[in-house]
**Student:** 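Okay, here's the structure, questions in a sec.
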Amino acid sequence: MSQKAQVFVECHHVGFRRNEKAIFSGLNMSIKKGQITAILGPSGTGKTTLLKLFCGQLIASTGEVLIDGQDIAELNRTDLFKLRQRMSLLFQTGALFTDMSVFENVAFALREHTKLPEHMIRDLVLLRLDSVGLRGAADLMPSQLSGGMARRVALARSLALDPELILYDEPFTGQDPISMGVLVNLIRQVHEDLKLTSVLVTHDVKEALSIADQVFILAQGKVIGSGSPEQIKQSDNPLVKQFLYGHIDGPVAFHYPAPDLAEQVLNYD
Amino acid sequence: MIDVIANTGARCLLVCQLIGRSGLFLVNILGWGKGFKAPCLRVIKQIHHIGVLSLPIIVVAGIFVGMVLALQGYSILSSYGSQEAIGQMVALSLLREFGPVVSALLFVGRAGSALTAEIGLMKTTEQLSAMEIMGVDPLKRVFSPRLWAGVISLPLLATLFSLLGIYGGAFVAVNLLGIYEGSYWANMQGSVLFYDDVIKGLIKALVFAFVCTWIALFHGWHAKPTSEGISQATTATVVQGSLAVLGLDFILTAVMLGGF
């Protein structure tokens with residue numbers, strides 16, 4: 001296989017601004033097929049924005065985002081929707097459809113995109129729910145689920161159409177240790193069973209390093225460190241170190257930029 | 001001075017932008033979606049939410065507006081000794097004006113605000129994004145059925161409103177005010193024209209339905225994804241929807257009566 005074919009997502013010099021504020025500038029990244037890639041970074045560095053750029057919900061202002069070799073900015077609506085059927089995004093909150101039961105949520109994409117008979121849809125949905133351990137919850141409504149369960153249902157839903165690429169937006173945020181462990185395991189298992197390309201966006205360093213094959217660390221609109229978890233751990237970039245070990249002060253300052261304290265306190269007018 | 005001009009310009013640009021955006025939005029939601037049965041079922045489900053659940057308020061309002069019209073009409077008409085024409089008066093005011101306008105106002109308050117809040121919340125919880133990423137166009141899947149349901153529901157609600165109003169009027173006129181029942185109905189039969197009164201009233205209701213649902217859906221779609229944003233969007237729906245109904249009512253009446 002050529003080098004090109006092994007890359008699923010590629011960013012070339014991507015720049016993106018929102019309300020005059022540059023979120024990314026000159027971002028380069030390539031995500032290989034069949035690997036788990038973790039994108040780490042402090043809150044507010046635009047990790048979720050990056051995922052939205054991958055899905056074509058937002059369009060980069062400069063540079064290009066290639067998904068499987070196709071420039072996402074140049075696709076028309078129909079082709080974009082076709083491409084999206086091959087990928088799926090797991091939202092931070094799950095984003096389950098609140099007016100449908102768990103079963104209907106998972107069946108949604110199957111009903112929309114296939115003409116499978118009802119009994120087949122039923123079997124597929126139950127299998128997917130079984131793989132996340134929630135077959136018994138098929139008839140519940142999303143409001144009756146705990147946060148961790150909702151995320152597992154959302155995972156089952158995103159797997160319904162057998163995607164090739166799955167993007168996780170902060171999958172571990174706000175989970176207790178048990179459901180955190182369950183999710184980490186599920187992500188790894190699903191990745192191996194379905195031969196997916198997985199991309200995790202997170203700030204949970206420990207979990208991410210434990211399952212990722214490849215890690216990118218984002219800060220200040222750029223990739224500041226990349227490589228295997230081992231390489232990242234040995235990085236001597238002060239910003240990478242501060243983030244990995246959670247030092248309070250460092251390149252990312254504890255203080256929001258402000259004039260000198262003594263000066264501001266004494267010069268009251 | 002320059003500021004004033006600049007501000008006016010900026011305002012105008014904003015208005016143009018709004019017209020463009022809402023127009024594009026409308027074009028996108030006018031579709032029907034794939035197949036026949038599934039979209040039909042969705043429209044029926046929405047008719048239940050938008051139309052059927054608005055029935056209580058429409059029924060009560062219709063009966064009372066009819067009864068009040070009879071009382072008011074009697075006090076005016078009797079001073080000319082023509083209280084027998086009360087049936088005609090009640091029926092014409094309901095079919096031409098009160099039916100479409102009052103039900104549209106109630107519709108904006110009851111169904112329009114609910115639509116905006118529902119869609120705003122779906123947006124806030126990223127359900128619409130999720131749908132889009134699953135390769136399903138939310139404009140077709142979520143918005144179109146609601147638009148069609150609104151367009152179907154309101155004319156039916158307005159008809160029911162007028163009908164019940166006429167019976168409410170009959171009850172007051174015949175049972176309380178002692179008008180001869182035969183003259184109530186005969187006067188009405190003699191003066192109400194099917195095309196000029198009934199159909200023109202229905203056309204009004206249809207236009208109101210379209211505009212109100214459009215406004216409600218548009219505000220939901222553009223609501224800021226915060227609780228404050230949703231409350232602002234809901235308020236905007238009710239205020240703009242009501243004003244649109246009243247403004248359009250004048251224009252439609254002027255055009256259809258052809259007074260100019």
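Side-chain atoms are counted along with the backbone in the values below, which use heavy atoms only and exclude waters and symmetry mates. Chain A is the first sequence line, chain B the second, and so forth, proteins listed ahead of strands; every chain is numbered from 1. Keep in mind it's a predicted model, so treat the numbers as computed, not measured.
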**Student:** Taking donor and acceptor roles from the modelled atom types, list the N and O pairs under 3.5 Å across chain B and chain A.
**Tutor:**
unit_1	atom_1	unit_2	atom_2	d
Gln127(B)	OE1	Thr98(A)	N	3.2
Gln127(B)	NE2	Thr98(A)	OG1	3.0
Glu132(B)	O	Arg84(A)	NH1	3.2
Glu132(B)	OE1	Gln57(A)	NE2	3.1
Met134(B)	O	His113(A)	NE2	2.8
Asp137(B)	OD1	Arg77(A)	NH2	3.1
Asp137(B)	OD2	Arg77(A)	NH2	3.2
Arg141(B)	NE	Glu112(A)	OE2	2.6

**Student:** For residues 204-220 of chain B, tabulate all N or O donor-acceptor pairs below 3.5 Å that involve a side-chain atom, not counting sequence neighbours.
**Tutor:**
unit_1	atom_1	unit_2	atom_2	d
Lys204(B)	NZ	Arg96(B)	O	3.1
Lys204(B)	NZ	Glu97(B)	OE2	2.6
Lys204(B)	NZ	Asp249(B)	OD1	3.0
Lys204(B)	NZ	Thr253(B)	OG1	3.0
Thr213(B)	OG1	Ala209(B)	O	2.4
Trp214(B)	NE1	Ser22(B)	O	3.3
His219(B)	NE2	Gln240(B)	OE1	2.8

**Student:** Does anything in residues 107-117 of chain B form a side chain to side chain donor-acceptor pair (under 3.5 Å)? List the pairs, not counting sequence neighbours.
**Tutor:** Thr116(B)-Thr237(B)

**Student:** If I measure from the heavy atoms of chain B, does Leu96(A) come under 4.5 Å with its side chain, its backbone, both, or neither?
**Tutor:** backbone

**Student:** Work out which heavy atom in Phe108(A) is nearest to a heavy atom in Val136(B); give both atom names and the distance.
**Tutor:** CE2-CG2, 3.7 Å

**Student:** With sequence neighbours left out, write down each residue that passes side-chain contact (heavy atoms from CB on, under 4.5 Å) with Ile59(A), or none if nothing qualifies.
**Tutor:** Ala73(A)

**Student:** Name the option with the most non-hydrogen atom pairs under 4.5 Å to chain A; the candidates are Ala38(B), Gly135(B), Ala130(B).
**Tutor:** Gly135(B)

